[in-house]
Amino acid sequence: MTDFAHKVLVMTDIHITKEGRKIIGLDPMERFKEALNHALTNHPDAAGLVITGDLTHHGIRDQYQRLKAVLDEVPIPVHLTLGNHDFRDQFVANFPDVPRDQNGFVQSSVRVGEYKLILLDTHDPTVEPFHGGNICEKRLDWLKDQLEGQPKGSCVLMMHHPPFETGFPGMDVIGLSNRDALNQIIADSPAVAMSISGHVHRTIWGSAGGKPSANLKSTCHQMPLELVDDDSSLSLDEPGSYAIMLLGNDGIVLINEDFGLDNEPSSDPDSQ
């Protein structure tokens with residue numbers, strides 16, 4: 001039997017809006033609450049919840065306040081970082097207790113057993129195109145410091161913008177502008193086990209710096225499987241999703257979980 005000592009819930013792209021405002025007919029807050037209820041009911045033993053950016057849809061005060069009211073009721077530790085729909089000054093004003101690095105970026109590291117989860121802030125509105133991401137030299141230097149001296153395979157990097165090209169033209173245009181610099185750090189550090197990101201609203205597996213990299217779906221609306229069109233605003237009403245990260249002696253397992261399907265498990269020996 002595999003020994004997984006710890007479990008961490010991972011969500012991304014929750015896109016909280018003003019009350020009553022929907023995205024393609026979906027209420028992001030209702031979807032987020034449904035995700036939380038599903039995750040906490042089925043995984044009450046989780047060591048924490050990480051949300052990797054696009055916490056709100058417009059990065060304004062009332063949206064962060066709506067989110068804060070919900071997160072204040074979550075019974076496990078919550079760890080946050082930013083996406084392209086967020087704004088750092090507004091986030092900090094409404095979440096003053098969330099850890100930041102020495103330069104004010106919403107970056108932090110979290111110890112879970114023998115593992116270290118490193119949350120990176122890829123938000124940078126000064127870099128074109130606007131919704132693209134960037135990790136400046138100060139943030140990269142902070143990452144190097146976090147990795148220094150850590151055991152092999154003990155660190156998971158968690159961020160909003162994927163550190164690899166996804167094959168979705170519209171999203172790759174607004175991807176991480178300096179992914180090569182990040183990937184060099186990943187390649188050079190034996191401490192990095194894998195990276196996890198959001199932004200694309202689709203479950204995608206790839207590699208970054210020669211290490212496994214996972215991109216997760218949104219709790220709300222999803223990106224259609226469009227590998228030709230360069231429109232980054234395309235969205236589908238598909239089930240919301242989150243991930244369960246299992247941390248064990250032999251490594252890491254990441255499980256995608258769609259919710260809202262109303263499926264009950266049944267046993268059929270002929271199905272295996």
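Here, residue 1 is the first one in the sequence, and each next residue gets the next number. For clarity, every value in this text was computed on a predicted model and none was experimentally measured.
- For the atom pair CG of L119 and CE of M158, the computed distance is 6.0 Å after rounding to the nearest 0.5 Å.
- With H57 contributing its side chain and I16 its backbone, the two residues share no donor-acceptor pair below 3.5 Å.
- Side-chain atoms of N94 and Q65, non-hydrogen and from C-beta on, do get closer than 4.5 Å to each other.
- Here the two rings, on Y242 and H38, have centers that are under 6.0 Å apart.
- Closest non-hydrogen pair, E226 versus P169, comes out as O-CD, 3.8 Å.
- Residue I196 holds its CD1 atom at 8.5 Å from OG of S213, rounded to the nearest 0.5 Å.
- Proximity of a side-chain donor or acceptor of D86 to a complementary backbone N or O of T56 within less than 3.5 Å is detected.
- Looking at every heavy atom in both residues, G153 comes nearest to A193 through O-CB, 3.4 Å.
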Stepwise side chain to side chain contact (heavy atoms under 4.5 Å, CB included) test for M159 and T52: CA-CA 5 Å; M159 68 203 82; T52 62; over 6 Å; no
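- No option in L49, V78, I51 other than L49 meets the side-chain contact (heavy atoms from CB on, under 4.5 Å) test with L9.
- Summarising the geometry, atom CD belonging to E257 is positioned 10.5 Å from atom CE belonging to M11; distances are rounded to the nearest 0.5 Å.
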Step-by-step side chain to side chain contact (heavy atoms under 4.5 Å, CB included) determination, F91 to L55: CA-CA 9 Å; F91 172 81; L55 308 172; 3.5 Å; yes
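- You'll find the ring centres of H85 and H131 inside the 6.0 Å limit.
- Note that the CG atom of L216 and the CD1 atom of I204 stand 9.5 Å from one another [nearest 0.5 Å].
- Checked by atom type, the side-chain pair T166/D172 shows a donor-acceptor distance below 3.5 Å.
- For the residue pair H160 / N84, a side-chain donor-acceptor distance below 3.5 Å is found, with atom types taken as modelled.
- Both I118 and I186 sit in one connected hydrophobic cluster of ILVMFWY residues. Membership requires side-chain heavy atoms under 4.5 Å apart, directly or through other members.
- Within the 4.5 Å cutoff, no side-chain heavy atoms of R139 are placed close to those of L120.
- In terms of modelled atom types and a separation under 3.5 Å, the side chain of T17 and the main chain of R21 share a donor-acceptor contact.
- Counting heavy atoms from C-beta outward, R111 and Y115 have side chains that stay 4.5 Å or more apart.
- The side-chain heavy atoms of I252 and V156, taken from C-beta on, include a pair separated by under 4.5 Å.
- In the hydrophobic cluster analysis, where Ile, Leu, Val, Met, Phe, Trp and Tyr join through side-chain heavy atoms closer than 4.5 angstrom, L254 is grouped apart from F164.
- Between the side chains of Q63 and H58, a donor-acceptor pair is found at a separation under 3.5 Å.
- Using a 4.5 Å heavy-atom threshold, the side chains of T219 and L36 count as separate.
- Remark: D231 pairs with D229, S233, L234 by the side-chain contact (heavy atoms from CB on, under 4.5 Å) rule, at least two apart or across chains.
- No path of Ile, Leu, Val, Met, Phe, Trp and Tyr side chains, each step under 4.5 Å between heavy atoms, connects L82 with V10, placing them in separate hydrophobic clusters.
- Nearest heavy-atom pair across K211 and P190 is NZ-CA, 4.4 Å.
- Linking Ile, Leu, Val, Met, Phe, Trp and Tyr residues whenever their side-chain heavy atoms come within less than 4.5 Å leaves L26 and V70 in two separate clusters.
- In plain terms, the two heavy atoms of A47 and P77 that are nearest each other are O-CD, 3.5 Å.
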Derivation and outcome, side chain to side chain contact (heavy atoms under 4.5 Å, CB included), residues I185 and K144: CA-CA 7 Å; I185 294 173; K144 292 175 185 176; 3.7 Å; yes
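- Distance alone, capped at 3.5 Å, places no donor-acceptor pair between the Q184 side chain and the G209 backbone.
- Remark: the backbone N or O of G167 is not paired with any side-chain donor or acceptor of E165 at under 3.5 angstrom.
- Heavy-atom contacts from other residues, nucleotides or ligands closer than 6.0 Å to CD of E19 number 12 or fewer.
- Rounded to the nearest 0.5 Å, atoms CG (D230) and CE (M171) are 12.0 Å apart.
- The minimum heavy-atom distance between P162 and L176, with the atom names listed, is O-CB, 3.6 Å.
- Contact annotation: the side chain of L71 approaches that of F95 to within less than 4.5 Å [non-hydrogen atoms, C-beta and beyond].
- Under 4.0 Å is where a charged nitrogen must lie from a carboxylate oxygen, and between R202 and D13 no such pair does.
- Using a cutoff of 4.0 Å between basic side-chain nitrogens and carboxylate oxygens, R31 and D237 are scored as salt-bridged.
- The local environment of CD in E114 is sparse, with at most 12 non-hydrogen atoms from other residues, nucleotides or ligands closer than 6.0 Å.
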Trace of the side chain to side chain contact (heavy atoms under 4.5 Å, CB included) decision for H123 with I135: CA-CA 8 Å; H123 172 70; I135 306 178; over 6 Å; no
CA sep, side-chain torsions, deciding dist, call: H201, K217, side chain to side chain donor-acceptor pair (under 3.5 Å): CA-CA 4 Å; H201 295 227; K217 293 188 354 182; over 6 Å; no
D72 vs K68, salt bridge (charged side-chain N to carboxylate O under 4.0 Å, His left out): CA-CA, chis, key distance, verdict: CA-CA 6 Å; D72 283 346; K68 189 175 188 302; 3.3 Å; yes
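- When each of V110, L246, I76, L247 is tested with V8 by the rule side-chain contact (heavy atoms from CB on, under 4.5 Å), just one qualifies, namely L247.
- A continuous path of Ile, Leu, Val, Met, Phe, Trp and Tyr side chains, each step under 4.5 Å between heavy atoms, connects V112 with M245, placing both in one hydrophobic cluster.
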CA sep, side-chain torsions, deciding dist, call: T12, D54, side chain to side chain donor-acceptor pair (under 3.5 Å): CA-CA 7 Å; T12 191; D54 280 3; over 6 Å; no
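- In terms of modelled atom types and a separation under 3.5 Å, the side chain of N37 and the main chain of K33 share no donor-acceptor contact.
- When all heavy atoms are compared, the tightest approach of P28 to C220 is CA-SG, 3.8 Å.
- Between the side chain of T81 and the backbone N or O of V106 there is at least one donor-acceptor pair closer than 3.5 Å.
- Side-chain contact between D188 and L147 is absent, with no heavy-atom pair separated by less than 4.5 Å.
- Panel note: side chain N134, backbone V127; no donor-acceptor pair is recorded below 3.5 Å.
- Classification of R88 and D121 as a salt-bridged pair holds, one side-chain N sitting under 4.0 Å from a carboxylate O.
- A donor-acceptor contact shorter than 3.5 Å is absent between the side chain of Y64 and the backbone of A93.
- At distances below 3.5 Å, not a single donor-acceptor pair connects side-chain atoms of N103 with backbone N or O atoms of F105.
- Between the NZ atom of K116 and the OG atom of S154 there is a distance of 8.0 Å, given to the nearest 0.5 Å.
- With no hydrogens or angles considered, no side-chain donor-acceptor pair links D101 and S108 at under 3.5 Å.
- No side-chain heavy atom of L117 sits less than 4.5 Å from a side-chain heavy atom of H79.
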